[in-house]
Asker: 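The structure follows.
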Amino acid sequence: MVKFDYSESTITKSEVDAIRSQVLEAKRLVENGGGAGDDFLGWVKLPENYDKEEFVRIKEAAKNIQGNSDVLVVIGIGGSYLGARAAIEMINSSFFNALPKEKRGCPSVVFAGNNISANYMNELLEYLSDKDFSVNVISKSGTTTEPAIAFRLLSALLEKKYGTCDGRVFITTDKSRGAMKKYADEKGFPTFVVPDDIGGRYSVLTAVGLLPIAVAGIDIDAMMKGACDAMKEYSSDENACIEYAAVRNILYRKGKTVEILANYEPRLHYIGEWWKQLYGESEGKNGMGIFPAAVDFSTDLHSLGQYIQQGRRVMFETVLTVKEPDKDVTIINSEENTDGLNFLSGKTMNYVNSRAFLGTLLAHTDGQVPNLVLEIEKMDAYNFGFLAYFFEKACGISGYTLGVNPFDQPGVEAYKKNMFALLNKPGYEEAGAALYARLKNNLK
């Protein structure tokens, strides 16, 4: 479950009561439709209504990949990879990919198609040269530049290595149309569905996320159970999901335009990356929205702590904490006591981490940075499913409360049009000439 808390010195009950009717109307739009973008609400009932037959096929494909591959390469960008990576890194060991396969019990999982770096691709191709690997390419259209380039290069390596891609390419794409679906059908590759009514950033609990998560040895049944329990819990008109959406909108109206998602566990880093896309793409439009940032504490207290404490007062923090570590470590006594830390002897690292969290919360609150706290029980599959659904539903409610369509992303296309023009893609010649004229003073 997710426990949500905030200080009434930051937000009063009367302020929450004042916005309550707006938030409940937003919740109604999320659950029943009638708002902008309501053709993308398939995720709302997904934990109950997911395709059970495809779910079985996902687990079968995962077993096949586990049996013949040392590595699974997940090709995708944005919502096509962030959710899976967040789940895998939260639930598995920080050193999951560094372990030999016999200790992992499954392939390592690496990612491609989320950048256009020549260095990264060369390093990946070299890494895979002496390993058995499979590819899961995730693209609704098949024409998105970053994953399409990566798939060209990796499928060529598969052909060179094995003489064929058969048995090693798994495609998650549109159910019935698009370049990638047509290609998969022609080649006879196994396909899984990106649902028409679920946008990429809400898709982690579909085949988009579930196949790579299952390959990484994670219990996807438990994950869906967590999401289903969250769906039921957040159907009432009194719950943490509604409170979180309400409080962040109140803070936004008070001029707090930056939200920092903070954590005290390195394995939660990609939860922050996934959350940034979910909230950034959903709310950042029409000149409005809270800017989502993420930090890893206590690490980033030594780099960003000064700014958070005394910089511009435009931010608030949402701190994601974990009630129970997988394992704890007791700090030993030192006869020399060179570091002066013998006062910690016999205490656990989790205890010290929790005191760092509480001390930071008080310091930042004193520095006029409101702190909200989200607590999950453990970093396991069940709690990931619960947390993912919490953030998704709160995002939809928050976006409607803000007054935007939380399910479109029209601004994403601007960079693509400029990139195609500068690459002289057919049909973009005139636009390219205009852009090069603007850039001529900056190009050699």
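Both backbone and side-chain heavy atoms feed into the values below; hydrogens, waters and symmetry mates do not.
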Asker: Among residues two or more places apart or on two chains, list those pairs meeting side chain to side chain donor-acceptor pair (under 3.5 Å) that have a residue in residues 58-83.
Answerer: K59-D221, S69-S134, S69-R168
Asker: Show every donor-acceptor pair shorter than 3.5 Å between a side-chain atom in residues 29-36 and any protein atom, with sequence neighbours excluded, or say none if there are none.
Answerer:
unit_1 : atom_1 : unit_2 : atom_2 : d
E31    : OE1    : K27    : NZ     : 3.1
E31    : OE2    : K27    : NZ     : 3.0
E31    : OE2    : K393   : NZ     : 2.5

Asker: Spell out, as yes or no, whether a donor-acceptor pair under 3.5 Å connects the side chain of Y202 to the backbone of L41.
Answerer: no
Asker: Below 4.0 angstrom, N of the basic side chain to O of the carboxylate: do K101 and D132 qualify?
Answerer: no
Asker: If we ignore angles and hydrogens, is there a donor and acceptor under 3.5 Å between the side chains of N383 and D380?
Answerer: yes
Asker: Verify whether one side chain among D229 and Y389 offers a donor that lies under 3.5 Å from an acceptor in the other.
Answerer: no
Asker: In plain terms, say whether E15 and R253 are close enough for a salt bridge, that is, a side-chain N and a carboxylate O under 4.0 Å apart.
Answerer: no
Asker: Measure centre to centre between the rings of F390 and Y234, then say whether the value is under 6.0 Å.
Answerer: yes
Asker: Among K276, E281, E392, find the residue that satisfies the side chain to side chain contact (heavy atoms under 4.5 Å, CB included) test when tested with R201.
Answerer: E281
Asker: Do the side chains of R20 and E238 get close enough for a salt bridge, i.e. N-O under 4.0 angstrom?
Answerer: yes
Asker: Can a donor-acceptor pair be found between the side chains of T401 and N249 at a distance below 3.5 Å?
Answerer: no
Asker: Under 3.5 Å, sequence neighbours excluded: what are the donor-acceptor pairs made by side chains of residues 179-196?
Answerer:
unit_1 : atom_1 : unit_2 : atom_2 : d
K181   : NZ     : D185   : OD1    : 3.2
D196   : OD1    : K140   : NZ     : 3.0

Asker: Look at atom NZ of K378 and say whether more than 12 heavy atoms of other residues, nucleotides or ligands are closer to it than 6.0 Å.
Answerer: no
Asker: In residues 43-52, what donor-acceptor pairs under 3.5 Å come from side-chain atoms, sequence neighbours left out?
Answerer:
unit_1 : atom_1 : unit_2 : atom_2 : d
W43    : NE1    : F40    : O      : 3.2
D51    : OD1    : E53    : N      : 3.0
D51    : OD1    : E54    : N      : 3.0
K52    : NZ     : E48    : O      : 2.9
K52    : NZ     : Y50    : O      : 3.2

Asker: Pairs in or reaching into residues 77-93: which pass salt bridge (Lys or Arg N to Asp or Glu O under 4.0 Å), with residues at least two apart or in two chains?
Answerer: R85-E89
Asker: Regarding H364 and N371, is there a side-chain donor-to-acceptor distance under 3.5 Å anywhere?
Answerer: no
Asker: Using side-chain heavy atoms (C-beta onward) and a distance below 4.5 Å, is F316 in contact with L372?
Answerer: yes
Asker: Using a 6.0 Å cut-off, check whether atom CE of M349 has over 12 heavy atoms from anything other than its own residue.
Answerer: no
Asker: Quick one: do Y351 and D328 satisfy side chain to side chain contact (heavy atoms under 4.5 Å, CB included)? Show the steps, please.
Answerer: CA-CA 9 Å; Y351 174 81; D328 213 340; 6.0 Å; no
Asker: Please check if the side chain of D296 supplies one atom and the backbone of T299 the other of a donor-acceptor pair under 3.5 Å.
Answerer: no
Asker: Would you please name every residue forming a ring-ring contact (aromatic ring centres under 6.0 Å, His included) with Y382, sequence neighbours left out?
Answerer: none
